[in-house]
Every structure is written in structure tokens, then in C-alpha cells.
2 protein chains.
Amino acid sequence: MLLSKSCVYGLRAALYLANQEKGKFIPIRQMSDKLEISFHFLTKILQQLTAEGILESFKGPNGGVRLVRNGSEVPLMDVVVAIDGSKLLTECALGLPGCGVKAPCPIHDKWAETRDSIREMLEQSTLTELVNKSRKENLRLTSEDGFDILFND
Amino acid sequence: MLLSKSCVYGLRAALYLANQEKGKFIPIRQMSDKLEISFHFLTKILQQLTAEGILESFKGPNGGVRLVRNGSEVPLMDVVVAIDGSKLLTECALGLPGCGVKAPCPIHDKWAETRDSIREMLEQSTLTELVNKSRKENLRLTSEDGFDILFND
DNA sequence: ATATTTTAAGATAAAAGAGTCTCAATAATC
DNA sequence: GATTATTGAGACTCTTTTATCTTAAAATAT
Ligand code: SF4
Ligand code: SF4
């Protein structure tokens, strides 16, 4: 898998938050229900995003989490790196340590291209951009079988 | 990680084989030593490749494994699919079941592009092509720290 | 025939990833 | 101040991946 499950959950939550009223704290419980992710597991993931400065949290009634920056200033990459680290973009497809520069392995050139295209995808898409697209086209964020979260709820 | 460790080991072994005298059976022990992969683990991986018809094996003294087809007719994709399956190319980046067609999720378009570029990389590169390139440029197949396998050994 | 070299297969173990549970800390409301 | 709603942190469990170990089967060589 390209992204870990934690990372995917983090991304989905971030998109969910970007679709909410700006500045409002959203309880994790609400997100875990809507997105159909285990509450405790999602909590841990969002704690990472908070620690990385992508979210801020507030305890107690009316508490929750929210984006620090405007969603339009948050590329997907930020969320991915916060959770999965940057190895996806630096590591070798053949899993060799000490790769690339001096003595690249056989697939280096092709892999470097592909890696760039992944990087571009993650750097060039912001949360807001995707949310806007989703609102326009009624795209969903959860499985077919469960409760679909449409961005126009 | 894009590819599982098993898959990476399988690819490295396949490249190693493609660099050997055509038709010759190569003992797995030799490969595991040269590539610095656990013998038993590599054995299991190569069993999969044998089961999938990519390698054929021969028991006993002078036995080993070899490529069924010429390396020039084996795209990396074949090895990847044999070990990791095709989920990399069909599954969603956001890990949603029942994706895409009817109601794509927010990042579908971007992800589909990236996925295509991964598919191209794996389909268009053959073992032989990479080995040839490697021989020309003295590229390596193992870590800096260990015994480097140069294709010109 | 017997011993040797090799792959095949399966049991087991260790490590990493995913998920759950419990309790503490903080803030609002009553 | 007590109760309630929320995040924070840690221990714990379950599952998958990765790796090891043991034994069997096949082929060769002696
Ligand atoms: S040379 Fe490139 S493809 Fe090869 S191991 Fe290094 S980073 Fe990976
Ligand atoms: S629509 Fe595309 S990106 Fe979204 S879940 Fe499906 S395959 Fe993945």
C-alpha cells in the first residue's frame, strides 16, 4: 500500500475538517462516527497531527480539533508526512539503504520519475481544493456500503 | 511502502537471474548469499514465483531456479503482481472499498494519474532492459555497506 | 544403495501495524 | 464543587508481515 491506514484515516479526517465551518472545533467522536473509523484509533492519529502543528485541539465540552491553517494552505503532503514520514519520497523502490546518488540501482531512473509524480500529486493538492471539487461533484468520503459522507450534507 | 519487502526481494532475485547465463539453474543459496537475503525467506518468495510460472526450479545437485521466459520478455510488473497481487494498481489511495466508478472520492483523478504512472513504470521495464543498463553503467543491486553486486562481476 | 545437494512445505517465532481499552487531564455547565 | 464532555497518554490485544527452523522430497554422484 502506498499510504498506511493511519495516514489514510488522517487524510480523510483532514478533508472532513476542511469542509467544516472555519475555526470551529469538531469533536473527534463526531468524525469517527461519520467517517466510520474507530474513535480511539482516530484519536491517536489526530494527536499526531496536533503534535505536528496541523491541527489544534481543545478539551472539554464544545471541544474538539480544527485545522490550524486554512485548508487551502494545507497540501495533502503535510498530512502524509506528519503520519507516514517522508520515506515514501526519499526511499528506494528496491528498498536498498544508501541509495541513488553515487551508484543508482537498475530501476532508479524510472522510479525517480514515478516518485516525482507522487510528490507532485501530494504537494499540489490542497485540502480545500479537493473539498471544493467534491462539493461540486457530490463525491464521497466513505464506503458505498456505509453511510456516505457527501460534502454537501 | 509501495512494494512489500517480499516483492522487493523477488525483484532483486529476478534481476540477478536475468543477468546469468540463459537456461542455467542458479542455486537459491548463491543468490541469498550474494543478495544478502535470508536463504529460507528468499526460498519461499521464489517458490511463489515458481508457482506463478515466472521461474522454474530443479532439485538436487546442480539444481536451482531459472527464468522460464527470456528476461527481455518479463516486465517487472509480472514479478510484482505474482508477489504483491494487483491491488497496487486497482486499489484506492484512500483505502475505500467499492471505489471510483460511480462516485469517486476527492482525490480520485490525481490518484488515477499517479497510479497509471506506476503501472507504466512496471509494465514498460523488462528485466533484461534493466540488467543491460546496469551492465553499461556499473549499477549495483545491494547496499553500499555490504558486498555490492555489480552486474559485471 | 547411500550420502549429498538442492528445492518444497509447514511449523514456529519475532517484529510491525492496526485496533481496543482504561484512566488521567482539562474545560464547560449545572 | 460536582458532573459531564472532551482530548491525552499509555498499556494492552489482535493481525499481518517478515523471518527462522525443521523435516520431507527429489535428483545427482559416489
Ligand atoms: S538508486 Fe534509486 S531506485 Fe535504486 S535503490 Fe536508490 S533510490 Fe531506489
Ligand atoms: S474514487 Fe479513486 S481515489 Fe477515491 S477511493 Fe476510489 S479509487 Fe481511490
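Chain letters run A, B, ... following the sequence lines, proteins first and then strands; every chain starts at 1.
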Please lay out, stage by stage, how A/Ser57 and A/Thr50 fare under the test side-chain hydrogen bond (donor to acceptor under 3.5 Å, both in side chains). CA-CA 7 Å; A/Ser57 68; A/Thr50 303; 4.8 Å; no
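When atom types are taken as modelled, the side chain of A/Thr126 and the backbone of A/Glu129 share a donor-acceptor pair closer than 3.5 angstrom.
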Would you list the atom pairs, donor with acceptor, under 3.5 Å between side chains in residues 3-10 of chain A and any protein atom, with sequence neighbours excluded?
residue : atom : partner : partner atom : Å
A/Ser4  : OG   : A/Cys7  : N            : 3.1
A/Ser4  : OG   : A/Asp84 : OD1          : 2.5
A/Ser4  : OG   : A/Asp84 : OD2          : 3.4

Could you list the donor-acceptor pairs under 3.5 angstrom formed between side-chain atoms of residues 20-30 of chain B and any protein atom two or more places apart in sequence or on another chain?
residue : atom : partner : partner atom : Å
B/Gln30 : NE2  : B/Tyr16 : OH           : 2.9

What donor-acceptor contacts under 3.5 angstrom involve side-chain atoms of residues 38-45 of chain A, with partners at least two apart or in another chain?
residue : atom : partner : partner atom : Å
A/Ser38 : OG   : A/Phe41 : N            : 3.2
A/Thr43 : OG1  : A/Phe39 : O            : 2.8

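Pairs engaging residues 45-60 of chain A under the salt bridge (Lys or Arg N to Asp or Glu O under 4.0 Å) rule: A/Glu56-A/Arg66 [sequence neighbours left out].
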Heavy atoms under 4.0 Å is the rule here; annotate nucleotides 22-30 of chain D 5' to 3' with B where the base is hit, S where only the sugar-phosphate is, and - elsewhere. B---SBBS-
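Between the CZ atom of B/Arg66 and the C1' atom of C/dT6 there is a distance of 15 Å, rounded to whole Å. Atom CD1 in A/Ile28 sits roughly 17 Å away from atom P in C/dT26 (whole-Å rounding). For A/Glu56 and D/dT6, the CD to P distance is 18 Å, given to the nearest whole Å. Between B/Arg29 atom CZ and D/dT20 atom P there is a gap of 12 Å when expressed in whole angstrom units. Straight-line distance from the OH atom of B/Tyr9 to the P atom of D/dA19: 4 Å, rounded to whole Å. To the nearest angstrom, P of C/dT6 lies 11 Å from CG of B/Asp33. A/Lys87 places its NZ atom 12 Å from the P atom of C/dA16, with the value rounded to the nearest Å. Separating the NZ atom of A/Lys5 from the C1' atom of C/dA16 is a distance of 15 Å, rounded to the nearest angstrom.
Side-chain contact between B/Met31 and B/Leu46 is present, with heavy atoms from C-beta onward closer than 4.5 Å. Contact check for A/Leu76 versus B/Lys110: no side-chain heavy atoms found under the 4.5 Å cut-off.
Side-chain N/O atoms of B/Ser57 include none lying less than 4.0 angstrom from OP1 or OP2 on C/dT6. When the side-chain nitrogen and oxygen atoms of A/Ser38 are compared with OP1 and OP2 of C/dG19, none of them lie within a distance under 4.0 Å.
Near DNA chain D, defined here as any heavy-atom distance below 4.0 Å, the residues from residues 41-54 of chain A are A/Lys44, A/Gln47, listed numerically.
Taking CG of A/Leu88 as the start and CZ of A/Arg119 as the end, the distance is 9.0 Å to the nearest 0.5 Å.
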